[in-house]
Amino acid sequence: MLEEALREIKRGSAEIIDSDRIEKLLKAYFDEGKRYSVKAGFDPTAPDLHLGHTVLLQKLAIFQKYGATIQFLIGDFTAQIGDPTGKSATRKTLSAVQIGENAKSYREQVFKILDPAKTEVVFNSEWINPLGASGMLTLTTTFNVARMLERDDFDKRYKSGTSISISEFIYPLLQGYDSVHLKSDIEIGGTDQKFNLLMGRHLQRAYEIGKEQSVLMMPILEGLDGVQKMSKSLNNYIGVADEPNDMFGKVLSVSDELMWRYYELLSTKTLSEIEALKNGVADGTLHPKKVKEDLALEITARFHSFEAAQSARDEFDKVHSNNQIPTEIDAYSCNGDVWIAKALVDCNLTPSTSQARRDIKQGAVKINQEKIDDEQLQLATGEYILQVGKRKFAKLKVN
RNA sequence: GGUGAGAUAGUCAAGUGGCCAACGACGGCGGACUGUAAAUCCGCUCCCUACGGGUUCAGAGGUUCGACUCCUCUUCUCACCA
């Protein structure tokens, strides 16, 4: 039982620091029913969760299964600084109202995966604000610039001549201080968070709270392009709130290589089951598309329902395999004869008439399934199905 | 605080008075081939009912028939020195 729990917890992880302690915590749970805490921090600027976030959430859910109380930390204070991890982006400061709304939307989405009874939602402004200037000063004396610059992000930016704000040095310190305040036993995060996660250990030692958290890092999930990490700003994400049809379609659009990555990090299938699928594809007994379809079904069903996932698959076959029109398309209407380029813009199929002309010239535009090549075409009264490329459809009624 | 360098389209990056709506690369979009996969090949990539017109090269002025290119100021960034 303990063995199995450990295996499940370690599955897919990229790196674990002080895994002996995790083992001890688990043992104490199994032997004496003693609970422990696992911390994970989230940024309230991005309440729209995508599958990248769920890698962590699913890991947290497994911890909950084995005696952990989750400290679900919403970094409302630290959001004012902006995590320097990865690219630097100017953050807009959020009002208390916005943060409240975002936190609410977090709850709705997160509890599709986590058990609310074993989760504490906390905000770090609660303890960071009372720190005051002197508390902050004490915090900064625990670390030095040279070590700060060892951090890969900072090092690269420093060497390449990109600016680093002093406040960004504060960010890891505050994240670490969260672990001091919460007395976390374990913290989990992405591998890109390594520096910040280790800061928790450093500060727990400096503040002598009598323990140092273990750290479990999960790999970063690649986005649909298979190269960059999944993120909303890169628009290569699958959102947990995406419609079933979108979700299914997006999973199916990933490359075969990336599919295995998604299986590893997102599927609840066991490692040996996944291995069997790989062998099947390798020796030709399984079609890779079928395997991908199963994954898409599993993921879609997780956030919607099994029925919704199945109808998404049927819809997909209908549109893409049989080249039919989707069941539901956005409908628009307008008056009088309309110039085709204008119509495409009005139906949000194209961002400008210039783009519309180009698309027509390139044979990307279809009206009622018929390819057109006349840029000057006027649409007379009637109903039309407009299509640009393979995926964009709209229904237009000309009065 | 001083000195020097720099800011070009989604990103990187050419252009140092007219040939510039601005080379190239990446990304993105479209087409062919497919399994809406990958790879490959081809085309497109500021806006406008368009063989023409309009707005762009950090911002504001100026010099010039003409400026992304020269000058002044402003904002921001980096390097070295303090």
Side-chain angles (χ1 to χ4, degrees), chain A residues 86-90 149 154-166 168 222-229 231-238 242 245-263 277-278 280-282 284-297 300 312-326 334 336-346 348-366 370-379 386-393:
Chain A
K87 282 188 202 165
S88 75
T90 345
L149 282 172
F154 288 148
D155 188 49
K156 275 189 196 141
R157 281 166 65 185
Y158 192 67
K159 282 180 179 153
S160 73
T162 316
S163 84
I164 303 171
S165 147
I166 298 284
E168 291 181 276
E222 292 86 350
L224 299 174
D225 54 66
V227 181
Q228 300 203 258
K229 74 172 193 176
S231 83
K232 200 181 175 191
S233 51
L234 292 170
N235 195 29
N236 62 356
Y237 70 102
I238 302 178
D242 280 356
N245 286 343
D246 285 344
M247 205 179 262
F248 188 90
K250 281 183 184 175
V251 176
L252 219 56
S253 78
V254 305
S255 72
D256 290 1
E257 204 184 332
L258 187 61
M259 161 176 80
W260 296 118
R261 183 82 171 143
Y262 279 20
Y263 256 112
L277 292 175
K278 270 189 193 172
V281 169
T285 49
L286 274 174
H287 194 292
K289 194 194 172 194
K290 168 81 175 75
V291 179
K292 206 180 288 176
E293 220 172 68
D294 287 345
L295 178 67
L297 275 175
T300 309
R313 186 197 45 202
D314 295 344
E315 177 75 8
F316 184 90
D317 282 345
K318 180 181 160 192
V319 177
H320 300 288
S321 305
N322 305 325
N323 282 319
Q324 292 176 359
I325 305 293
C334 61
D337 287 6
V338 199
W339 178 39
I340 177 66
K342 201 94 192 158
L344 292 174
V345 173
D346 289 345
N348 293 320
L349 294 176
T350 239
S352 66
T353 56
S354 297
Q355 181 64 47
R357 281 164 178 269
R358 281 182 224 118
D359 284 336
I360 293 168
K361 211 177 292 173
Q362 299 194 114
V365 178
K366 289 182 189 170
E370 295 284 333
K371 193 175 282 186
I372 60 160
D373 56 7
D374 179 10
E375 297 176 19
Q376 299 302 329
L377 189 70
Q378 298 288 326
L379 296 178
L386 305 178
Q387 180 181 0
V388 177
K390 290 176 196 163
R391 328 178 182 196
K392 286 175 285 185
F393 294 88

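Remember, predicted model here, so these are calculated numbers, not experimental data. To find a chain, count down the sequence lines: A is the first, B the second, and so on, and within it residues start at 1.
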Subject >> Minimal non-hydrogen separation, A/P288 against A/D256, with atom names >> reply: CB-OD2, 3.8 Å
**OP:** Please state the P separation for the pair B/U77 and B/C26 - nearest whole angstrom.
**Re:** 32 Å
**OP:** State which of B/A37, B/C44, B/U49 makes the closest approach to the side chain of A/R358.
**Re:** B/C44
**OP:** Hey, could you give me each pair passing salt bridge (charged side-chain N to carboxylate O under 4.0 Å, His left out) that has a residue in residues 313-325 of chain A? Not counting sequence neighbours.
**Re:** none
Subject >> Nucleotide paired to B/C29 in any strand shown, Watson-Crick or G-U, under 3.5 Å >> reply: B/G43
**OP:** Would you mind classifying the nucleic acid contact of A/K292 as base, sugar-phosphate or nothing, using non-hydrogen atoms under 4.0 angstrom?
**Re:** base
**OP:** Would you check if A/R357 and A/Q376 make a side-chain contact, meaning some heavy-atom pair closer than 4.5 Å?
**Re:** yes
**OP:** Any strand is fair game: report the nucleotide pairing with B/G35 by Watson-Crick or G-U wobble, both distances under 3.5 Å, or none.
**Re:** none
Original post:
What does B/C76 pair with, Watson-Crick or G-U, if both distances are under 3.5 Å?
Top reply: B/G6
**OP:** With P as the reference atom in both, quote the distance from B/A21 to B/G28 in angstrom, rounded to an integer.
**Re:** 29 Å
**OP:** Could you please name the partner base of B/G1, counting Watson-Crick and G-U wobble pairs only when both distances are under 3.5 Å?
**Re:** B/C81
Subject >> P gap between B/G18 and B/U69, integer Å >> reply: 11 Å
Subject >> Complementary nucleotide of B/G18, counting Watson-Crick and G-U pairs under 3.5 Å >> reply: B/C65
Original post:
Between B/C48 and A/T353, is there an OP1 or OP2 to side-chain N/O distance shorter than 4.0 Å?
Top reply: yes
**OP:** Give a yes/no answer on whether the side chain of A/S352 brings an N or O atom under 4.0 Å of OP1 or OP2 in B/C48.
**Re:** yes
Original post:
When all nucleic acid strands are considered with a 4.0 Å heavy-atom cut-off, which category describes A/E293: base, sugar-phosphate, or nothing?
Top reply: nothing
Original post:
Nearest heavy-atom pair of A/I325 and A/V319: which atoms, and what distance?
Top reply: C-CG2, 4.3 Å
Subject >> Watson-Crick or G-U wobble mate for B/U49, both contacts under 3.5 Å >> reply: none
Original post:
Using purine N1 to pyrimidine N3 plus N6-O4 or O6-N4 for Watson-Crick, or N1-O2 and O6-N3 for G-U wobble, each under 3.5 Å, what pairs with B/G24?
Top reply: B/C12
Original post:
Who are the salt bridge (charged side-chain N to carboxylate O under 4.0 Å, His left out) partners of A/D225, not counting sequence neighbours?
Top reply: none
Protein-nucleotides 27-30 of chain B N/O pairs closer than 3.5 Å?
none

Original post:
Roughly, in whole Å, what's the span from NZ in A/K289 to C1' in B/A38?
Top reply: 15 Å
**OP:** For A/S354, answer base if it contacts any base atom (sugar-phosphate contacts may also be present), sugar-phosphate if it contacts only those atoms, and nothing otherwise; contact means non-hydrogen atoms under 4.0 Å.
**Re:** base
**OP:** Please measure how far the P atom in B/C47 lies from the corresponding atom in B/C42, and state the result in whole Å.
**Re:** 25 Å
Original post:
When you compare B/G10 with B/C48, how far apart are their P atoms, in angstrom units rounded to a whole number?
Top reply: 15 Å
Original post:
Start at the 5' end of RNA chain B and walk down; is the nucleotide closest to A/D256 or to A/E375 reached first?
Top reply: A/D256
Original post:
Roughly, in whole Å, what's the span from NZ in A/K342 to P in B/A50?
Top reply: 11 Å
Side-chain donor/acceptor pairs under 3.5 Å, residues 245-252 of chain A, sequence neighbours excluded:
from: A/K250; atom 1: NZ; to: A/Y237; atom 2: O; distance (Å): 3.1
from: A/K250; atom 1: NZ; to: A/D242; atom 2: OD2; distance (Å): 2.9

Subject >> C1' spacing across the pair B/U63 / B/A67, given as an integer number of angstrom >> reply: 10 Å
Original post:
Which nucleotide in the list B/G35, B/U49, B/C44 gets nearest to the side chain of A/Q376?
Top reply: B/U49
**OP:** Rounded to the nearest 0.5 Å, what's the gap from CD on A/E222 to CD on A/Q228? Could you check?
**Re:** 11.0 Å
Subject >> Residue list, ring-ring contact (aromatic ring centres under 6.0 Å, His included) with A/H320, at least two apart or on another chain >> reply: A/F316
Subject >> Nearest-Å distance once atom P is located in both B/C70 and B/G15 >> reply: 12 Å
Original post:
Contact class for A/G249 (heavy atom, under 4.0 Å): base, sugar-phosphate, or nothing?
Top reply: base
**OP:** For A/E257 and for A/P351, find the nucleotide of RNA chain B with the closest heavy atom, then tell me which residue's nucleotide is more 5'.
**Re:** A/E257
Original post:
Taking the side chain of A/R357 as its heavy atoms from C-beta onward, which of B/U49, B/A37, B/G35 lies nearest to it?
Top reply: B/U49
Table please: side-chain donor-acceptor pairs of residues 338-346 of chain A below 3.5 Å, with sequence neighbours left out.
from: A/W339; atom 1: NE1; to: A/E375; atom 2: O; distance (Å): 2.7

Subject >> Nearest-angstrom distance, C1' atom, B/U8 to B/U16 >> reply: 13 Å
